[in-house]
Every structure is written in structure tokens, then in C-alpha cells.
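Here is how names work: the chains are called A, B, and so on, in the same order as the sequence lines, proteins then strands, and each is numbered from 1.
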There are 2 protein chains.
Amino acid sequence: MRDVASTDRNAVPARTGCESCGLWRVCFPGLVASAAEQRLNGMRLRRIRVPGGKTLYRSGDRVESFYMIRSGCIKELDDSHSRDGAVINFALPGEMLSLQCLGPAVSNTRTVAVEASSLCVVPWDAFSELGTRSPQVAAEFVRLIARSGLAARELLTLIRDREAIERVSGFLLNVSARLQSRGVRGREFRLAMNRDDIANYLGLRSETVSRCFTELARRNLIRVRAKRVQILNSPELRKVSLNA
Amino acid sequence: MRDVASTDRNAVPARTGCESCGLWRVCFPGLVASAAEQRLNGMRLRRIRVPGGKTLYRSGDRVESFYMIRSGCIKELDDSHSRDGAVINFALPGEMLSLQCLGPAVSNTRTVAVEASSLCVVPWDAFSELGTRSPQVAAEFVRLIARSGLAARELLTLIRDREAIERVSGFLLNVSARLQSRGVRGREFRLAMNRDDIANYLGLRSETVSRCFTELARRNLIRVRAKRVQILNSPELRKVSLNA
DNA sequence: CGTTGAGTTGATGGAACTCAAATAGCGTGG
DNA sequence: CCACGCTATTTGAGTTCCATCAACTCAACG
């Protein structure tokens with residue numbers, strides 16, 4: 001139950017095991033509670049592979065499962081205002097999708113694979129049953145759902161009242177920290193998304209994002225070559241992101 | 001259990017009853033389930049009054065209760081980046097506070113009364129107990145918590161990639177709709193917050209907010225005099241807010 | 001009637017957008 | 001392996017929008 005056969009052509013961001021997965025703390029109490037039938041197998045765990053550019057689910061769809069990113073990158077889009085969708089969040093390896101749908105059950109976002117991605121799929125009812133048996137698990141749920149709403153708030157403070165270079169610096173540090181916390185090297189990584197997606201996410205234009213990358217490289221804070229990014233001076237980069 | 005003695009000097013936005021309160025759908029199943037001890041009285045419901053400018057709770061505080069706004073206006077501030085706090089949300093009459101804290105229990109926002117406000121205070125444990133007894137109530141909880149994260153997302157789409165006049169128009173429509181949905185007249189109302197708070201919320205400067213008000217008034221879409229706002233042409237105002 | 005604070009209006013500069021052109025990556029097929 | 005073509009990205013020049021700073025209005029209040 002650890003690794004899956006890989007069919008990747010290009011270098012894909014690291015594959016993560018269950019320990020680094022956001023659901024681990026939910027699974028764990030369940031597994032402790034009763035070893036046999038609450039194993040991952042018993043929960044009808046599935047793995048799926050989504051090709052880059054393909055839609056996972058749409059706004060309005062009834063979503064009945066959690067999704068955990070194992071590799072790749074999924075973007076969540078809000079279609080309510082702009083025609084081609086505004087990026088709300090990039091879900092990175094080890095992170096979760098669709099949590100906020102499980103109250104209303106129907107999704108308010110469209111999710112699209114930024115690149116070929118591998119996901120774990122866990123039916124909601126399996127977990128919900130787990131929650132009714134263990135208040136510990138139920139509490140963990142509430143915590144996770146509450147935390148899932150935090151991404152939007154973080155993005156809000158990342159872009160509101162901040163100028164372009166601050167946003168881009170903050171974005172890089174954010175991605176770096178999230179990769180690091182999942183056990184992936186955060187100093188040097190590959191951005192799965194293109195400049196347009198980043199610009200859309202940060203409320204900028206791709207040209208501006210590009211200029212900021214160039215400027216940060218000129219200051220020797222980062223190194224960029226297309227999608228590959230290397231963070232050379234993260235304390236200084238943080239200062240830039242905080243306008244300090 | 002309906003009205004409280006009023007000590008307001010100036011005209012304060014309408015006081016709302018339990019029916020228009022965001023918690024009603026949570027209370028209701030509980031009340032149905034067992035009439036006697038789960039009444040509002042049984043839940044140790046308290047009413048408090050917060051003077052304008054006073055802090056309700058701070059970031060880092062352990063929050064053990066829900067708060068429901070009965071009258072007035074409470075702003076939620078994020079202190080993580082700016083010195084004097086960035087406005088995340090304005091809680092209007094009939095709306096709730098501190099829901100997202102009840103997973104982590106410790107608040108990540110500071111809440112300050114924009115004007116003298118009256119609140120209902122309900123201890124979390126009373127509800128949590130209610131939830132363990134009724135899965136219906138528990139589900140309603142999850143729904144409410146998931147929805148509480150939506151405010152940040154809405155604000156995000158309100159300001160990202162939108163110019164000043166679009167933000168201001170969207171803000172007015174948003175406030176209008178929220179007042180209306182709580183049974184208050186939404187065509188003509190009084191903004192509790194000053195220009196600085198609005199500007200902070202929208203990621204603008206107070207001068208810009210002022211200019212936008214003036215411009216919208218010039219186009220005969222609204223009428224403004226200090227804090228009093230009248231919406232004259234909401235379809236057209238919507239067009240402006242959507243950049244259409 | 002002067003003071004105070006919120007709100008409005010005006011003038012100016014800078015940051016980011018726009019449009020346009022140049023360049024770099026990258027997959028494809030010779 | 002290299003040339004080709006396509007797309008993504010970078011760079012440049014001009015324009016727009018908003019922040020800034022400052023002056024001004026207005027109402028409340030002693």
C-alpha cells in the first residue's frame with residue numbers, strides 16, 4: 001500500500017507515502033480503534049491518475065469522496081466571475097481536495113490537473129462512518145474542514161495590498177514551505193503550473209510575474225529557468241514578501 | 001427571549017429575532033429532539049453588549065463560544081501581516097463569529113466592534129453535546145463551519161483582479177444582499193464602518209473608496225451621504241461590479 | 001466661533017497593465 | 001543529432017489606474 005507503478009515520462013514531483021499525507025491523522029485513530037476492518041483496504045481506497053489538463057470534477061458536481069494528491073498538481077478554479085476560471089488554490093503532493101464540499105456535498109469549484117497527477121480517492125461515507133464511531137476522528141474532521149477554508153484566507157493576505165514582487169516572493173516561499181513540510185526538498189523544485197496560472201492565482205499578468213522572477217534573480221534571491229526554481233536566499237526573500 | 005432593552009442613542013441597524021439568526025437551523029433540530037432541556041435557556045444562552053471600538057477576543061485567545069450578532073457590526077482582523085490589522089470580514093446582524101476557531105479552538109483573528117453591538121453568546125460545549133446526540137445537528141455543524149470559510153473566498157474574488165470601482169460596487173451589493181437576506185431593508189442602509197475600514201477590507205485607500213462612491217453617485221447608481229447609502233440601480237451596479 | 005475628525009477633492013508620480021516584438025524551451029520528425 | 005515549428009516566456013515602450021500628499025469641506029461639539 002505504499003508505492004504505485006510509475007508511468008511518468010518526465011521528472012514528476014516526489015511521490016509521498018501515507019505518513020506525509022494530510023489524511024494520516026484522520027486515518028490513524030481509526031486504525032488504532034479497530035485494526036481489522038478499518039484498514040485502508042477496508043475503506044475501499046482507490047488510486048486514480050489524471051492526465052494534465054483534465055478535469056477531476058466540476059462546480060455543481062456532487063462530490064462523494066476525498067482526494068489526496070500523491071503526485072502532480074491540481075488547481076481549484078472558481079468559475080463564478082471569470083470565464084476561464086480564477087485559480088483559488090494549487091493542491092500539491094500530500095494535500096487534500098474537496099473537503100469543503102463535504103458539508104454542502106456539491107462542489108463550488110472546478111478542479112483541473114495542472115500536470116499528470118496521481119490521486120488517492122476515499123469515499124466520504126467510509127470516513128463519516130468512522131467519525132460516528134470515534135469522537136476523536138470526528139473532531140479531527142472538523143479541524144481539517146476548518147483548516148481547508150484557511151487557504152483562501154492565506155491567499156487573500158498574500159495579495160491584498162501587496163505589490164507584485166511581494167506576491168511572487170510570498171508565493172514561492174509558500175510553495176517551498178508546503179513541499180518541505182511534506183518531506184520534499186523545498187530549496188529547489190519545479191513549478192508544475194505555467195506563468196498564466198501563477199498570474200491568475202496572484203491577481204497579476206503573466207508578464208508581471210515574469211518580470212518579478214527576473215528581478216528576484218537579478219537580486220540573487222532565486223534562480224529561475226522556465227519551471228525550475230531555486231531559492232538562494234530565503235530570509236531575504238521573506239523580507240521582500242513582507243515588504244520589510 | 002426575543003428583545004432586549006435598547007440603549008442606543010442613534011439609529012442602529014435592525015435587531016433580529018431567532019428566526020433570522022444563522023444558528024437557527026442548528027438550534028431547531030435540537031429543540032425538536034427534546035423540548036425541555038435543550039431550550040435556549042438550557043443552553044446557557046447569554047447576551048452581551050460590546051461598545052464600539054472594543055475588542056471581543058484576540059488572536060491567540062482560546063474561544064469557547066459562538067457569537068451571533070444581534071445588532072451592530074463586528075470586524076474580524078488578521079494581525080499576522082499589518083500592524084493595525086487587516087479586515088477579513090464584517091459580521092452583520094444575524095451572522096456568526098468564531099465558528100472557524102472551534103476546530104483549532106484558538107482564534108486566529110482579533111474581533112473588534114465597529115459600533116456598539118449586541119451579541120448572543122453560546123458555549124461551544126453545549127452545542128457539541130447536542131451534536132453527539134443528533135447526527136443531523138452534527139451535519140449542520142459541518143455545513144456551517146465549511147460555509148464560514150467561504151467569506152474569505154468571496155472577498156478574494158471581490159478584490160483580486162478587479163479595479164477599485166468594481167470592488168466598491170461589489171461590496172455595496174454584498175452588504176445589501178446580506179442585510180436583505182436577514183430581513184432588513186437592503187435598498188437603503190447605514191454603513192457601520194468608516195471609509196478606512198472599507199478601504200482596508202477592499203485593499204484600497206480611503207480616498208479611492210471615497211472617489212468611487214462619488215463616481216457611482218454621479219452615474220446615479222447610488223446615493224451617499226456619509227455612512228448612509230441608498231442603492232438606486234442595482235442591476236447597473238451589478239454590471240459595474242462584474243466589469244460588464 | 002474655533003476645534004476636531006471624518007470625508008471629499010485635486011495634482012502628481014509610480015506600479016502594473018496593455019500591446020507588441022524578441023527569445024527560449026520543447027516535442028516532432030527528418 | 002539537428003532543424004523545424006509551436007508555444008511559453010521574456011523583454012520593451014506606452015498608457016492607465018491608484019496611491020500619495022495636501023488642501024479643502026462639512027458637521028458635531030464645547
Side-chain angles (χ1 to χ4, degrees), chain A residues 8-12 51-53 73 75 82 84 86 114-116 158-172 190-219 222-229 240-241 243, chain B residues 9-11 52-53 73 82 84 86 114-115 158-172 190-219 222-230 240-241 243:
Chain A
D8 297 338
R9 297 156 311 178
N10 10 3
V12 158
C73 176
K75 60 179 172 183
S82 54
D84 44 351
V114 168
E115 63 180 351
L158 179 61
I159 71 172
R160 184 175 55 175
D161 223 33
R162 312 203 93 75
E163 50 188 48
I165 203 164
E166 299 171 43
R167 301 185 195 188
V168 172
S169 306
F171 171 71
L172 290 176
R190 184 175 151 280
L191 290 171
M193 62 298 281
N194 62 26
R195 298 289 188 270
D196 275 312
D197 281 334
I198 299 174
N200 180 334
Y201 181 70
L202 294 176
L204 300 169
R205 300 289 138 178
S206 62
E207 295 96 322
T208 305
V209 172
S210 177
R211 279 182 241 273
C212 289
F213 278 150
T214 305
E215 173 62 16
L216 291 173
R218 195 194 61 73
R219 297 192 203 171
I222 64 172
R223 192 168 300 173
V224 205
R225 234 189 49 170
K227 291 194 178 353
R228 288 226 74 83
V229 175
V240 173
S241 82
N243 196 5
Chain B
R9 298 156 311 179
N10 8 7
C73 177
S82 54
D84 45 350
V114 169
E115 63 180 351
L158 180 61
I159 72 173
R160 184 175 54 175
D161 221 34
R162 312 203 94 75
E163 50 187 48
I165 203 163
E166 299 170 43
R167 302 185 195 189
V168 172
S169 306
F171 171 71
L172 290 176
R190 184 175 152 280
L191 290 171
M193 62 298 282
N194 62 26
R195 298 290 188 270
D196 275 311
D197 281 334
I198 299 174
N200 180 332
Y201 181 70
L202 295 176
L204 300 169
R205 300 289 138 177
S206 62
E207 294 96 324
T208 305
V209 172
S210 178
R211 278 182 240 274
C212 289
F213 278 150
T214 305
E215 172 62 16
L216 290 173
R218 196 193 61 74
R219 297 191 204 171
I222 64 171
R223 191 169 301 173
V224 204
R225 235 191 47 173
K227 290 192 176 2
R228 289 225 73 83
V229 176
Q230 195 179 156
V240 173
S241 82
N243 196 4

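- Inter-residue side-chain proximity for B:I165 and B:R219 is flagged as met; some heavy-atom pair is nearer than 4.5 Å.
- For the OP1/OP2 pair of C:dA15 and a distance below 4.0 Å, the side-chain nitrogens and oxygens of A:T208 include no atom meeting the criterion.
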Pairs under 3.5 angstrom, nitrogen or oxygen only, protein versus nucleotides 21-26 of chain C, please.
none

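- Rounding to the nearest 0.5 angstrom, the gap separating the CD1 atom in B:I222 from the CG atom in B:L172 is 5.5 Å.
- B:N194 has its CG atom 14 Å from the P atom of C:dG5, to the nearest Å.
- Applying the 4.0 Å criterion to OP1 and OP2 of C:dG7, one finds that B:S206 has every side-chain N and O outside that range.
- One interatomic measurement links the two molecules: CZ of B:F213 to P of C:dT8, which rounds to 8 Å at whole-angstrom precision.
- A 4.5 Å side-chain heavy-atom check between A:V168 and A:L204 finds at least one atom pair inside the cut-off.
- Summarising the local packing, CZ of B:R223 is surrounded by 12 or fewer heavy atoms from other residues, nucleotides or ligands at distances under 6.0 Å.
- Rounded to whole Å, the distance from CG on A:L204 to P on D:dT16 is 20 Å.
- Residues A:E166 and A:L158 have side chains not in contact (no heavy-atom distance under 4.5 Å, counting atoms from C-beta outward).
- The side-chain heavy atoms of A:R195 and A:F213, taken from C-beta on, include a pair separated by under 4.5 Å.
- Distance, A:D196 CG to D:dT7 P: 14 Å, rounded to whole Å.
- Helix bend of the helix from C:dC1-D:dG30 to C:dG30-D:dC1: the angle between its two end axes, each built from five pairs, comes to 30° after rounding to 10°.
- With hydrogens and angles disregarded, no donor-acceptor distance shorter than 3.5 Å links the side chain of B:R167 to the backbone of B:R160.
- Scanning atom types as modelled, no donor and acceptor separated by under 3.5 angstrom connect the side chain of A:E207 and the base of C:dC17.
- A donor-acceptor pair under 3.5 Å links the side-chain atoms of A:T214 to the main chain of A:S210, judged by distance alone.
- Regarding B:I159, its CD1 atom lies at a distance of 16 Å from the C1' atom of D:dA19, rounded to whole Å.
- Side-chain contact between A:E115 and A:R190: present, with at least one pair of heavy atoms (C-beta onward) separated by less than 4.5 Å.
- Taking atom CD1 of B:I165 as the reference point, atom C1' of D:dT16 lies 15 Å away to the nearest angstrom.
- The nearest whole Å value for the distance from the CZ atom in B:R205 to the P atom in D:dA22 is 16 Å.
- Residue B:R211 has no polar side-chain atom (N or O) positioned under 4.0 Å from OP1 or OP2 of C:dT9.
- Between A:D197 atom CG and D:dT9 atom C1' the separation is 14 Å, expressed in whole Å.
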